[in-house]
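Structure record follows, encoded as structure tokens.
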Amino acid sequence: MVKTLNFIYRKKKYFNWRKPVERAVDEYGDEIEQLFKQSATDGLPIQITLKNNKVYVDFTDKIPPPKESNYLKIIPLMSGYRKPISKEIVFTTEYFGALNYYNKNLEKHKTFEMDTIVKQDEILTAGIFDQDIYEIFNE
């Protein structure tokens with residue numbers, strides 16, 4: 001996972017963020033927009049749960065201006081769902097292989113196209129994802 005995180009962080013040319021937008025998000029953005037800004041600027045993964053119990057661990061590659069759109073773009077690292085009763089996360093898909101493929105074939109792939117668009121109104125919970133903490137709680 002560390003190699004993948006470093007790959008994402010090094011590929012800032014794919015990240016479309018500007019300092020004025022960062023300041024605008026700090027001043028006027030809601031909590032989700034601020035979380036996405038933190039992910040984009042610090043290279044931290046986010047875990048989001050949607051209202052339909054779908055779960056993503058992802059990065060964001062763009063900081064949208066605050067209140068401009070109800071949609072957010074993510075680059076998934078893992079996805080799955082929450083169990084109906086216990087709400088325990090079950091990961092079903094890992095995207096690390098695809099990310100590593102991009103990393104090894106940069107000449108062939110001029111763009112980084114693994115984006116998923118999420119409607120902000122559909123996000124039930126969101127936060128920074130820490131694999132070590134996740135493993136502690138799920139031993």
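One-based numbering along the sequence shown.
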### Query
Quick one: does Thr49's side chain get under 4.5 Å of Lys54's, heavy atoms only?
no
### Query
Under 6.0 Å from the CD atom of Glu27, do we count more than 12 heavy atoms belonging to anything else shown?
yes
### Task
Measure the spacing between CD1 of Ile123 and CD1 of Ile32 and express it to the nearest 0.5 Å.
4.5 Å
### Query
Should we say atom CZ of Phe91 is surrounded by more than 12 heavy atoms from elsewhere, each under 6.0 Å from it?
yes
### Query
Side chain of Gln34, backbone of Gly29: donor and acceptor closer than 3.5 Å?
yes
### Query
Is the backbone N or O of Leu44 less than 3.5 Å from a side-chain atom of Ser39, with the two atoms forming a donor-acceptor pair by type?
yes
### Task
Is it possible for you to say whether Leu124 and Ile128 belong to one hydrophobic cluster, with membership spreading through side-chain heavy-atom contacts below 4.5 Å?
no
### Query
Looking only at heavy atoms, which two atoms of Val57 and Phe129 are closest? And how far apart?
CG1-CD2, 3.6 Å
### Message
Please determine whether a side-chain nitrogen of the Lys or Arg among Asp42 and Lys37 lies less than 4.0 Å from a carboxylate oxygen of the Asp or Glu.
### Response
no
### Query
Is there side-chain contact between Phe96 and Met78, with at least one heavy-atom pair below 4.5 Å?
yes
#### Entry: From Phe36 atom CZ to Ile74 atom CD1, the distance as rounded to the nearest 0.5 Å
6.5 Å
### Query
In Å, rounded to the nearest 0.5 Å, how long is the span from OH of Tyr95 to OG1 of Thr116?
6.0 Å
### Task
Please round to the nearest 0.5 Å and tell me the distance separating atom CG of Asn53 and atom OH of Tyr81.
10.5 Å
### Task
Grab the two heavy atoms, one from Gly80 and one from Thr92, that are nearest each other, plus how far apart they are.
CA-OG1, 3.6 Å
### Task
Would you give the length of the straight line joining atom CG of Asn70 to atom CD of Glu122, rounded to the nearest 0.5 angstrom?
9.0 Å
### Query
Are side-chain heavy atoms of Ile46 and Leu35 found at a separation under 4.5 Å?
yes
### NZ/Lys67: more than 12 non-hydrogen atoms of other groups inside 6.0 Å
yes
### Message
Could you measure the distance from the CG atom of Asp115 to the CG atom of Leu72? Nearest 0.5 Å is fine.
### Response
12.0 Å
### Query
Can you name the closest pair of heavy atoms from Phe59 and Pro45 and give their distance?
CE2-N, 3.7 Å
### Task
Under the side chain to side chain donor-acceptor pair (under 3.5 Å) rule, what do Gln131 and Glu135 come out as? Steps first, then yes or no, please.
CA-CA 6 Å; Gln131 182 72 33; Glu135 289 174 2; 2.9 Å; yes
### Query
With side chains defined as the heavy atoms from C-beta onward, is the minimum distance between Asp58 and Leu77 less than 4.5 Å?
no
### Query
If you look at every heavy atom in Arg82 and Thr125, which pair is closest and at what distance?
NH2-OG1, 4.4 Å
### Task
Flag the pair Ile89 / Gln47 as yes when at least one side-chain heavy-atom distance between them is below 4.5 Å, and no otherwise.
yes
### Task
For the pair Gln120 and Asp30, evaluate side chain to side chain donor-acceptor pair (under 3.5 Å) and give the outcome as yes or no after the intermediate values.
CA-CA 11 Å; Gln120 188 171 344; Asp30 62 29; 2.8 Å; yes
### Message
Would a single hydrophobic cluster contain both Val55 and Tyr134, if residues Ile, Leu, Val, Met, Phe, Trp and Tyr are joined by side-chain heavy-atom contacts under 4.5 Å?
### Response
yes
